[in-house]
Asks: 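What follows is a structure written as structure tokens; I'll ask about it next.
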Amino acid sequence: MPELAEVQTIVSDLHHLVGYTFKSIQTDWPKALSPSLSAFQKNLIGKKIIAVHRRAKYIAIELSDDWILLIHLRMSGRLFIREKGHKADTHVHVCFEFDRNKELRFSDQRKFGRAWMLKKSDYKTLPEIKKLGQEPLDPNFTVDDFKARFRSKKGKLKAKLLDQTLLAGIGNIYADEISFAAGLHPQSSLENLSESDLENLYHEMRRILEYAVQARGSSVGEFMDAFGNIGSAQKMHYAYGRKGLPCKVCGTTLHGIKVAQRGTSFCPKCQELK
DNA sequence: CACGATGTTCAAAA
DNA sequence: CTTTTGAACATCGT
């Protein structure tokens, strides 16, 4: 379940590959490669990695000659930087091989992850990228910007936190954690939130996400960083995945419901329905 | 063995 | 246009 913090962790790790050149591609799942395996073979081989950045949950690997290798991990995708001959990783469906015996393994148990080979100019105009909303941790994103962005919206709080065109990069884990931290029921209607609710929501969102990034992500499910190490943000989870367990604050049993078709857990006492 | 759960995005409906 | 619902993806556990 790689979301903003997990993707950021991997992007940081991928900086180790700057300066490496793609030599070959192995795959048993060409469907993961868009537009096609042959396009990758034609355009990726020989390209050098110049930089790596994150946009929402997308990993953008910037290459020589203005190409971009774009990767989305979806549910279960993982990337591993390995030395050639390192012991096998599970569910590896694509392997990018570099010079100096390095390789980047794309592991994906659910096979929902995707990689795209794009010119930089096409990346910038790609509809999926263009429609993405505000980066929650952008230093220029102020509490007033946040309020302005949310005040005009209707609907359930959690649905809006997950809306990638509004805020880019929050997924199921941090939507639950942010709702808990803000003391708001995930089904609260946005139009019922006060100014101070929104201010609180903004500050808790930033605090939770910043913590998760510095903790190198939440290792729930199978998440690992690009060196195969787990993150530690899950130790600080108060809501996500804790359905049926006692609230860490008040001891009340956490409820499990569906919100916006997603599994959701929350404390009925600590989180007010507005 | 059939079905539901899982997280995310896209398509379609309201 | 905005918001909600449904489908699809592949696999695993019940």
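Everything numeric in this text was worked out from a predicted model, so none of it was measured. In what follows, every chain begins at residue 1, and chains take the letters A, B, ... in the order their sequences are listed.
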Asks: Rounded to the nearest Å, what distance is computed from the CG atom of residue A:Leu4 to the P atom of nucleotide B:dT8?
Replies: 11 Å
Asks: Under 3.5 Å, is there a donor-acceptor pair between the A:Glu97 and A:Ser24 side chains?
Replies: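 Indeed, the side chains of A:Glu97 and A:Ser24 share at least one donor-acceptor pair under 3.5 Å.
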Asks: For B:dT9, does either OP1 or OP2 sit under 4.0 Å from a side-chain N or O belonging to A:Lys131?
Replies: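 The answer is no; no side-chain N or O of A:Lys131 sits under 4.0 Å from OP1 or OP2.
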Asks: Give the first and the last nucleotide of DNA chain C, reading 5' to 3', that has any atom under 4.0 Å from a heavy atom of chain A.
Replies: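 Result: C:dT3 to C:dC12.
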Asks: Has A:Lys120 got its NZ or CZ under 6.0 Å from the middle of the six-membered ring of A:Trp67, at an angle within 45 degrees of the ring axis?
Replies: no
Asks: Are A:Lys23 and A:Phe98 in a cation-pi setup, meaning NZ or CZ lies under 6.0 angstrom from the ring centre and within 45 degrees of the ring axis?
Replies: no
Asks: Could you state the CG-P distance from A:Leu70 to B:dT8, rounded to the nearest angstrom?
Replies: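 Rounding to the nearest Å, CG of A:Leu70 and P of B:dT8 are 16 Å apart.
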Asks: Can you check the A:Ile129 CD1 to B:dT9 P distance for me, whole Å?
Replies: 10 Å
Asks: Are the aromatic rings of A:Phe96 and A:Phe106 close, with centres under 6.0 Å apart?
Replies: no
Asks: Output the rounded distance in Å from CZ (A:Arg78) to P (B:dG7).
Replies: 16 Å
Asks: Applying a 4.0 Å non-hydrogen cut-off, can you work out what A:Tyr240 is touching in the nucleic acid: base, sugar-phosphate, or nothing?
Replies: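 Sugar-phosphate, no base atom in range.
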Asks: Please confirm whether the shortest side-chain N or O distance from A:Arg262 to OP1 or OP2 of B:dT8 is below 4.0 Å.
Replies: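 So the side chain of A:Arg262 is within the cut-off, an N or O lying under 4.0 Å from OP1 or OP2 of B:dT8.
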Asks: To the nearest angstrom, how far is A:Gln261 atom CD from B:dA13 atom C1'?
Replies: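 Atom CD in A:Gln261 sits about 13 Å away from atom C1' in B:dA13.
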Asks: Once you round it to whole Å, what is the distance between P of B:dG7 and CG of A:Asp176?
Replies: 9 Å
Asks: Taking OP1 and OP2 of B:dT9, is either one under 4.0 Å from a side-chain nitrogen or oxygen of A:His72?
Replies: yes
Asks: Under 6.0 Å between ring centres, would you say that holds for A:His237 and A:Phe180?
Replies: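 No, too far apart.
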Asks: Categorize A:Glu3 for me: base, sugar-phosphate, or nothing, with a 4.0 angstrom heavy-atom threshold over every strand shown.
Replies: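 It contacts sugar-phosphate atoms only.
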Asks: Nearest whole angstrom, please: distance from the C1' of B:dC10 to the CE of A:Met75.
Replies: 16 Å
Asks: Reading DNA chain C from 5' onward, which residue's closest nucleotide shows up sooner: A:Ala159 or A:Phe112?
Replies: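 It is A:Ala159 whose nearest nucleotide is closer to the 5' end.
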Asks: Expressed in angstrom and rounded to an integer, what is the separation of A:Leu126 atom CG from B:dC10 atom C1'?
Replies: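 Going from A:Leu126 (CG) to B:dC10 (C1'), I get 13 Å.
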Asks: Is NZ or CZ of A:Arg78 both nearer than 6.0 Å to the six-membered ring centre of A:Phe223 and within 45° of the ring axis?
Replies: no
Asks: Is A:Leu137 reachable from A:Ile170 through a run of hydrophobic residues whose side-chain heavy atoms are each under 4.5 Å from the next?
Replies: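 Yes, A:Ile170 connects to A:Leu137 through the hydrophobic network.
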